[in-house]
Amino acid sequence: MKELNFILVHDGKEWIAKNGEIVAKGRTLGELDRNIRSVLKGKFKKGEKIEVKMEYDYRTFPFWMIQYHPYFLRRIIYVDL
Amino acid sequence: MAEERRWYTGMFSTEDWWALWIGIFFVFLGLVAAATQIDLTGWVVKFSNWVDPVTDKAVFGFHAAHSSLMGPVASLIVSYIVFTIVTVIGAYAMKWNLRDYIIAWTIIFVLTTIAYIIGQYAYISAPSTKWEKLGIDWGLQLGGAYYIIALIIGLAIANFAPQNFKEFMHKAARPEWFIKIAIVCLGAKLGLKAIEATGFAMHLLFAGVCATIAAYLLFWPLAYTTARKVFKLSREWSACLASGISICGVSAAIATAGAIRARPIVPVMISALIVVFAVIELIVLPSVLVATPFWFNEPIAAGASLGLTVKTDGADAAAGAILDELMRAKAATMGIYWDEGWILASAIMTKIWIDMFIGVWAFVLAVVWVYHIERKPGEKVDKMEIWFRFPKFVIGYFIAMFTIMGLGLGNVISFENLEFGLVPVEGALRKFFFMLTFTSIGIVTDFRALKQEGLERLAVAYAFILAVIIIPLGWFIAWLFHHGMMPPTVSP
C-alpha cells in the first residue's frame with residue numbers, strides 16, 4: 001500500500017490538503033476526501049490502495065495557543081483507486 | 001513535504017516536552033547535590049518577607065536559597081542567567097525568534113521580580129506569627145499578595161498596553177510552559193513530603209483519580225446537553241465548549257475540536273473565552289473558599305475543588321497557590337499550622353489526572369464522531385492519538401515524585417541530604433516559575449475578548465454552565481472524595 005502525507009489547513013472557507021505536488025480542496029472534509037480521490041485517480045494506477053495521512057498545520061493557530069496542546073488535527077483516510 | 005507523526009514527534013519541538021526536560025534537569029541537579037553534597041542548587045534566588053531594604057543576608061527580602069553560598073544580588077543574577085539559558089535552549093529547539101524571546105523574557109523576569117519584592121513587604125503579607133521576628137506590630141497578612149501583584153501587572157499589559165507591545169510580550173509570556181516546569185518541580189516536593197507522609201500522599205493520589213473520573217462522566221454530558229438544548233449551539237461548538245469548560249480548558253478545546261474534525265475557528269474562539277474565565281475564577285474562588293467556614297474545615301477538598309473547576313493548568317496551579325497561602329494564614333491565626341504545599345498539591349493532583357485522560361477522551365470522541373455521527377467512509381481513527389495528546393510533563397512530575405520517594409524510603413540518600421539538594425528546586429525555583437506563570441497569564445488574558453463579535457452568546461453559555469453545573473458539581477465531587485482529609489501540621 002502506498003502512503004502519502006499531506007499538510008492540512010483551513011482558509012476560513014475551505015479545507016486544503018497539500019503536499020508539494022498535490023493540492024485538493026473542499027468545503028467539508030467529506031468533499032475534501034472526494035476531491036483527494038479524484039486527484040489521486042489521475043496520478044496513480046487503477047486498483048492501487050493509498051493511505052493518506054493529513055496533519056493540520058498547527059503554525060496557523062495563534063502563537064499564544066500552541067503552548068496548551070501539542071497539535072490540532074490528524075487524519076488518516078484510505079483511498080481505493 | 002509533510003512529515004509523518006511518530007511516537008517521538010515533538011520531543012524537542014514542543015513546550016510540553018521541554019517542560020519535562022527542564023523540570024527534570026533541575027530535579028536531577030538537586031539529586032546530584034543531595035548525593036554528593038556539592039551545592040549545585042543553593043544559588044536559586046529565594047524571596048521572603050522584608051521590612052528593611054537591606055539586612056545582613058538579604059536585599060529587599062531576596063537572597064540565595066543557601067545564603068552562605070553567595071550574596072543576594074549575585075543569586076538574583078545567577079538565577080536570571082541560568083533560567084535564561086535553559087529556556088533559551090528550549091526556545092531555540094522550538095525555532096522561536098531568540099532575540100524577541102530574550103528581550104520579552106527579560107522584561108517578564110524583571111516585572112516578576114518587582115512584583116515578588118513588593119508582595120513580600122512584611123506589612124502586606126507577613127503572617128502574624130512572623131511579626132515579632134520582623135519587628136512589626138501590625139500587617140495586612142495578605143498571603144500570596146505577590147501572586148496577585150504579578151497577575152495585575154500582566155493584566156495591565158494585556159488590556160492597556162499598545163497592541164504592538166502586547167503582541168511582542170506574547171513571545172515569552174508562556175504560562176503553560178512555566179507552570180508545567182514548576183509542576184515537575186512540585187513532583188519533587190510531593191516526593192519529599194511523601195517520605196514522611198506516604199499514606200496521606202497515596203490517599204491524595206487515589207482520591208484525585210476517583211474525583212476526576214466522576215467529573216468526566218458528569219461534567220461533559222451535562223455541559224454538552226445544556227449547550228445544545230438551552231443555548232441552541234451546533235454540535236461542533238457544543239462539544240468544544242463542553243470539553244473546554246469541563247475538562248482541561250484550552251487543551252481540551254483544541255483536542256476535542258481535532259477529534260470531532262471541527263473547523264479551527266471553533267477552538268480559537270472558545271479558547272479566548274476560557275483564559276478570561278480561568279483568570280476570573282483564580283481571583284474569585286480562593287477567596288470564596290477561604291471565607292466559607294465549610295471549606296475552611298475541608299482544606300484538602302477545597303484544593304481539589306479548584307482542580308476540578310479552574311480550567312488551564314496555569315490558572316489552577318495559581319489558584320491553588322493562593323488558596324494554600326490564604327488557608328494557612330487563616331489557620332495560623334487560630335494557632336493551627338498546616339504544612340505548606342498540601343492544599344496546592346491537592347489542587348494540582350486532580351488537574352493532572354484530568355489532563356492525563358484528555359487523550360483517551362479525544363480518542364473516544366473521535367471514534368464516536370467519525371464512525372457513528374459523521375460516518376466518514378475510509379477514515380480511520382488511530383489509537384496513537386491517545387499518546388500524541390498525552391501531556392508529557394506529567395511523566396516528569398511522576399518521575400520526580402516516585403524517584404525521590406524511593407530514594408528516601410529506601411534510605412539510599414538520607415532525608416537531610418535530599419532536603420539539602422532539592423529544597424531550593426521544589427521551593428524557591430518552583431515558586432519563581434509560579435510567579436512567572438502569574439505575570440504571563442495576565443499578559444495573555446485580554447478581557448476585551450468578551451466583547452468580540454459573535455462571542456456574546458458563547459460567553460453567556462460559558463458563564464451559565466460554569467456557575468450552574470461545573471462549580472457546584474465540582475465542589476460536591478471534591479468534597480465526596482476528599483472530605484475529612486487534613487494537611488499534616490507543623491510547628492510554627
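We use all heavy atoms of the structure for the numbers below, so side chains are in, but hydrogens, waters and symmetry mates are not.
Two residues are said to be in side-chain contact when any heavy atoms from C-beta on lie closer than 4.5 Å; Ser251(B) and Asp355(B) fail this criterion.
Classified by interplanar angle (parallel below 30°, tilted 30° to 60°, perpendicular above 60°), the ring pair Trp96(B)/Tyr101(B) is tilted.
Looking at Ala262(B), the atoms closer than 4.5 Å to chain A (heavy atoms on both sides) all sit in the backbone: N, CA, C or O. Proximity to chain B (any heavy atom under 4.5 Å) is shown, for Leu8(A), by neither the backbone nor the side chain. Interface remark: Glu379(B) contributes backbone and side-chain atoms alike to the contact with chain A (heavy atom separation under 4.5 Å). Interface remark: Ile265(B) contributes no atoms to any contact with chain A (heavy atom separation under 4.5 Å). For Val370(B), no part sits under 4.5 Å from any heavy atom of chain A, backbone or side chain. Within the 4.5 angstrom heavy-atom criterion, only side-chain atoms of Phe61(A), from C-beta onward, approach chain B.
The candidate with the highest count of non-hydrogen atom pairs below 4.5 Å against chain A, out of Met94(B), Lys180(B), Glu385(B), is Glu385(B). Comparing Asp313(B), Ile443(B), Val275(B), Thr9(B) by how many heavy-atom pairs each has under 4.5 Å with chain A, the most go to Val275(B).
Atom OH of Tyr371(B) is surrounded by more than 12 heavy atoms from other residues, nucleotides or ligands within 6.0 Å. Sparse packing is recorded around CZ of Arg27(A), with 12 or fewer heavy atoms of other residues, nucleotides or ligands lying under 6.0 Å away.
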Could you go through the salt bridge (Lys or Arg N to Asp or Glu O under 4.0 Å) check for Lys13(A) and Asp11(A) one step at a time?
CA-CA 6 Å; Lys13(A) 288 178 184 167; Asp11(A) 67 0; over 6 Å; no
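Taking 4.5 Å as the heavy-atom cut-off, the residues of residues 165-178 of chain B that approach chain A are His170(B), Lys171(B), Ala173(B), Arg174(B), Pro175(B), Glu176(B), Trp177(B), ordered by number. The contact list for residues 74-81 of chain A toward chain B, using heavy atoms and a distance under 4.5 Å, reads Arg74(A), Arg75(A), Ile76(A), Ile77(A), Tyr78(A) by residue number.
With sequence neighbours excluded, no residue forms a salt bridge (Lys or Arg N to Asp or Glu O under 4.0 Å) with Asp316(B).
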Counting only pairs under 3.5 Å, give me each side-chain donor-acceptor contact of residues 36-48 of chain A, with atom names and distances, residues two or more places apart or in other chains.
from: Ser38(A); atom 1: OG; to: Arg34(A); atom 2: O; distance (Å): 2.9
from: Glu48(A); atom 1: OE1; to: Lys45(A); atom 2: N; distance (Å): 3.4

